[in-house]
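As the structure is a computational prediction, the values presented were derived from the model and not from experiment. Remember, it's 1-based here, ligands and their atoms both numbered in the order they're listed.
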Amino acid sequence: MPYFVGRPSVFDQREFQSYVDDIFALGVLTNNGKYVQLLEAKVAEVSGAAHVVALSNATLALELLLSTLPRHSYVIAPSYTFIATTTAIFRAGLRPIFVDVTDHFKIDLNHLRQILADCRAKQLHVTAIMPVNLYGGMDIDPALFELATAHNLKVFYDSAHTLGTSCQVYGDAEVFSLHATKLVNGFEGGLVATNNAHLAIRLRQLRNFNYLTPHTGPIKNSEGEFVPFCPADEEQGIYSYGTNAKLSEIHAAMALSNLNHIGELIAHYKANHERYRMLINQRLGYEVVQEIGPFTNYSYVVCRHLKRDAILDHLKTHEIFARKYFYHLTHQQFGYQPQVPTSAQLVQEVFCLPTGLTIDADDVAFIAEQVVVALTE
Ligand code: T4K
């Protein structure tokens with residue numbers, strides 16, 4: 001049987017089916033229905049966020065979040081990420097500056113300091129840092145926040161991989177993905193988690209064509225000033241252009257039925273991760289399967305080896321479809337040439353092994369054995 005990295009995890013199909021029956025009985029299929037609201041409340045509970053806004057996918061969630069920044073300003077983000085991160089910056093009308101990452105996939109703070117100094121010297125209008133919490137692990141070095149505060153920058157996290165990793169929201173906002181290949185599968189879907197009420201209301205409008213609805217009414221910002229995006233007389237007015245980034249009820253129901261079991265999900269992924277580490281690293285005597293912690297949801301089994309491509313070729317002969325996440329540095333697709341040597345090395349060496357609810361201990365043993373064979377024969 002073939003083994004895939006992204007085979008969706010569905011915790012309890014019957015629970016999902018009961019939600020689907022309820023949705024049809026209610027007759028509300030989209031536009032902020034019961035299951036979108038239940039999902040937002042559950043994510044708020046799990047992530048510790050005061051406000052959660054559900055959207056149709058994480059790429060649009062990132063784009064709309066970034067669109068709240070001044071147009072044409074600069075955002076500092078890693079190039080070593082999925083193309084969605086960089087695409088969202090451009091589509092929001094912003095300009096990226098690419099920062100290198102460490103061997104542990106976190107922003108290289110020395111490079112970040114250098115970039116900030118350069119930007120200051122050139123008087124570039126930088127408005128945000130967007131760290132990417134890759135592979136289930138969090139990039140939460142206090143020095144990162146100190147730099148952001150010192151330069152008056154927002155910190156917007158691309159946390160597409162990390163729902164369930166932390167029960168606290170870091171930075172100004174975090175964006176989670178509910179794509180079918182993620183730990184919490186909603187077929188598709190994205191979430192913005194934030195403690196900023198104003199930002200949450202803004203995103204609720206943007207996801208719904210920028211309509212002003214009764215519950216988004218006139219509000220004040222943290223300085224107590226009136227925020228002038230609501231026409232004085234009309235609840236149904238449109239502030240300016242928005243888009244349709246709403247999550248449907250079916251997607252929300254799927255995500256909720258999985259999120260209800262987040263503890264069991266993480267336990268399963270963790271057991272797979274630990275077994276892989278034991279069967280590969282201990283056998284070989286060096287680290288192929290990477291440690292992502294201390295804060296992780298174990299959703300990706302990330303490996304690193306100079307012989308990556310040969311390993312993948314061997315695995316394929318046994319119908320094991322490991323993935324190179326990520327193969328291209330995203331800046332290349334937009335014609336940039338930053339100096340990011342560690343990122344350039346990582347894309348040559350990193351690969352991910354199958355995990356998730358469809359992969360059990362016996363599968364892990366078989367796949368691990370093939371990795372060891374590829375490296376020893
Ligand atoms: N930021 C970061 C850092 C991200 O990694 C992502 C997405 C985003 C932002 C944006 O999130 P979303 O807008 O997607 O919510 C996947 C996902 O499409 C994407 O969500 C994910 N990251 C990215 C890393 O990977 P592929 O290219 O792996 O998909 P695909 O179709 O090749 O599927 C992978 C494997 O999974 C296949 O070999 C078969 C298996 N599979 C997949 C699906 C969807 C199944 O067995 N069943 C399925 O339904 O993109």
Need the list: ligand 1 N/O atoms against protein N/O atoms, distance under 3.5 Å, rounded to one decimal.
from: ligand 1; atom 1: 1 (N); to: Asp158; atom 2: OD1; distance (Å): 3.1
from: ligand 1; atom 1: 1 (N); to: Asp158; atom 2: OD2; distance (Å): 2.7
from: ligand 1; atom 1: 5 (O); to: His161; atom 2: NE2; distance (Å): 2.7
from: ligand 1; atom 1: 13 (O); to: Ala58; atom 2: N; distance (Å): 3.4
from: ligand 1; atom 1: 13 (O); to: Thr59; atom 2: N; distance (Å): 3.0
from: ligand 1; atom 1: 13 (O); to: Thr59; atom 2: OG1; distance (Å): 2.5
from: ligand 1; atom 1: 15 (O); to: Ala58; atom 2: N; distance (Å): 3.0
from: ligand 1; atom 1: 15 (O); to: Ser177; atom 2: OG; distance (Å): 2.7
from: ligand 1; atom 1: 18 (O); to: His179; atom 2: NE2; distance (Å): 3.2
from: ligand 1; atom 1: 20 (O); to: His179; atom 2: ND1; distance (Å): 3.4
from: ligand 1; atom 1: 20 (O); to: Lys182; atom 2: NZ; distance (Å): 2.9
from: ligand 1; atom 1: 22 (N); to: Lys182; atom 2: NZ; distance (Å): 3.0
from: ligand 1; atom 1: 27 (O); to: Arg323; atom 2: NH2; distance (Å): 3.1
from: ligand 1; atom 1: 28 (O); to: Arg323; atom 2: NH1; distance (Å): 3.4
from: ligand 1; atom 1: 28 (O); to: Arg323; atom 2: NH2; distance (Å): 3.4
from: ligand 1; atom 1: 28 (O); to: Tyr325; atom 2: OH; distance (Å): 2.2
from: ligand 1; atom 1: 32 (O); to: Arg323; atom 2: NH1; distance (Å): 2.7
from: ligand 1; atom 1: 36 (O); to: Gly6; atom 2: N; distance (Å): 3.4
from: ligand 1; atom 1: 36 (O); to: Gly6; atom 2: O; distance (Å): 3.4
from: ligand 1; atom 1: 41 (N); to: Gly6; atom 2: O; distance (Å): 3.4
from: ligand 1; atom 1: 46 (O); to: Arg7; atom 2: NH1; distance (Å): 2.6

**Message:** Could you check whether Glu287 pairs with Arg304 (Lys NZ or Arg NE/NH1/NH2 to Asp/Glu carboxylate O, under 4.0 Å)?
**Reply:** no
**Message:** Between Tyr135 and Tyr300 (judged by ring centroids, cut-off 6.0 Å), do the two rings come close enough to count as a pair?
**Reply:** yes
**Request:** Determine the sole option in Glu274, His268, Lys270 for which the side-chain contact (heavy atoms from CB on, under 4.5 Å) test with Asn272 is passed.
**Result:** His268
**Asked** Could you go step by step and tell me if Tyr170 and Phe295 meet the ring pair (Phe, Tyr, Trp, His ring centres under 6.0 Å) rule?
**Response** CA-CA 13 Å; Tyr170 287 91; Phe295 300 105; 7.4 Å; no
**Asked** How does the hydrophobic cluster around Val175 look, that is, which other residues are in it when side-chain heavy atoms under 4.5 Å mark a link?
**Response** Val53, Leu55, Leu62, Leu64, Leu65, Leu66, Leu69, Val75, Ile89, Leu94, Met130, Phe156, Val192, Leu199, Leu203, Leu206
**Request:** Taking the six-membered ring for Trp and the single ring otherwise, decide whether the centroids of Phe98 and Phe334 are under 6.0 Å apart.
**Result:** no
